[in-house]
Amino acid sequence: MGKVYPEIDARLREFIVGQPLFFVATAPSGAEGHVNVSPKGMRGTFVILGPHRVAYLDYHGSGAETIAHLRDNGRITLMFCAFDGPPKIVRLQGRGSSVAVTEETFADRIAEFPAPPDVHAVRAVITVEVDRVSDSCGYAVPLMDFRAERDLLLTAHSRRTADDLAVYRATRNAASIDGLPVF
């Protein structure tokens, strides 16, 4: 059914960048704590940097589980599903890291995105060193039509100043739901 690939090749690259939505999964170390799965979207927020390296823009949001989990153990899985055309699921598994907006190398990380949407509210760039690339059938994934991007996240944060966003990180994104530190 599924296949493991040595790298993200041209065919997989085409599939991955063609998906308007992907999912990010992380978990804290040990048997306790919550597994987190988050949907991500918006054109221009995901890039393939090489056959074993990808990155995405992480915007301020209601939680910051991914960053906390990456700080804890680095494990991450990205999943892309075909919701139109032939069925397919692609998973990229590896070790992730984050570079926060407050870090010196943040500008270098943002520069890796050729056509990002408004980056005002980006809190971090998540980079994944991919060590496993696989696909599976996706036969049970429903067929759905993409209508449009949502601009609500960008609109909501456009009213916040850089200082407001710093307060947001300090008060609403300081720890994961399991109490792990984020920034």
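Worth saying up front: this structure is predicted, and the values here are computed from it rather than measured.
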I'd like to check I110 versus V125 (side-chain heavy atoms, cut-off strictly below 4.5 Å). Are they in contact?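 Touching, per the 4.5 Å side-chain cut-off.
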Who are the side chain to side chain contact (heavy atoms under 4.5 Å, CB included) partners of [X], not counting sequence neighbours?
X    : answer
S98  : I67, A124, I126
V99  : E103, T105, F106, R109
S38  : N36, K40
R159 : T155, A156

Taking V54 as the fixed residue, which of L78, V47, T127, L49 is the one that meets the side-chain contact (heavy atoms from CB on, under 4.5 Å) rule?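 When side-chain contact (heavy atoms from CB on, under 4.5 Å) is applied between V54 and each of L78, V47, T127, L49, only L78 qualifies.
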Can you list every pair that meets salt bridge (charged side-chain N to carboxylate O under 4.0 Å, His left out) and has a residue in residues 25-34, with sequence neighbours left out?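 Non-adjacent pairs meeting salt bridge (charged side-chain N to carboxylate O under 4.0 Å, His left out): zero.
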Which residue pairs satisfy the salt bridge (charged side-chain N to carboxylate O under 4.0 Å, His left out) criterion with at least one member in residues 7-22, sequence neighbours excluded?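 Listed once each, the pairs would be none.
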Separation between CD of Q19 and SG of C81, rounded to the nearest 0.5 Å: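 If I round to the nearest 0.5 Å, the distance is 8.0 Å.
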Compile the donor-acceptor pairs under 3.5 Å between side chains in residues 174-183 and protein atoms, sequence neighbours left out, one pair per line.
residue : atom : partner : partner atom : Å
S176    : OG   : D178    : N            : 3.2
S176    : OG   : G179    : N            : 3.4
S176    : OG   : L180    : N            : 3.0
D178    : OD1  : H34     : ND1          : 2.6
D178    : OD2  : H34     : N            : 2.8

Quick one: list whatever passes ring pair (Phe, Tyr, Trp, His ring centres under 6.0 Å) with H52, sequence neighbours left out.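 Partners of H52 by the ring pair (Phe, Tyr, Trp, His ring centres under 6.0 Å) criterion come out as none, since no residue qualifies.
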For Y59 and L154, work out which heavy atoms get closest and say how close.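 It is CE2-CD2, 3.6 Å.
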Looking at every heavy atom in both L165 and H157, which two are closest together, and how far apart are they?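 Nearest pair, atom of L165 first, then H157: CD2-ND1, 3.9 Å.
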Donor-acceptor pair, side chain of N173 and main chain of Y168, under 3.5 angstrom: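 Between the backbone of Y168 and the side chain of N173 there is no qualifying donor-acceptor contact (under 3.5 Å).
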Test: ring-ring contact (aromatic ring centres under 6.0 Å, His included). Region: residues 69-95. Which pairs qualify, not counting sequence neighbours?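 Checked against ring-ring contact (aromatic ring centres under 6.0 Å, His included) - neighbours excluded - the pairs reaching residues 69-95 are F22-F80, F46-F80.
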Taking side chain to side chain donor-acceptor pair (under 3.5 Å) as the test, write out the residues that go with T161, two or more places apart.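 Listed in chain order: D164.
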Enumerate donor-acceptor pairs with a distance under 3.5 Å from any side-chain N or O in residues 140-149 to protein atoms, sequence neighbours excluded.
residue : atom : partner : partner atom : Å
E149    : OE1  : M42     : N            : 3.3
E149    : OE2  : R43     : N            : 3.2

Just list the side-chain donor-acceptor pairs under 3.5 Å for residues 87-97, sequence neighbours left out, or say none.
residue : atom : partner : partner atom : Å
K88     : NZ   : D135    : OD2          : 3.0
R91     : NH1  : S136    : OG           : 3.2
Q93     : OE1  : R132    : NH1          : 3.2
R95     : NH1  : N73     : O            : 3.3
R95     : NH2  : N73     : O            : 2.3

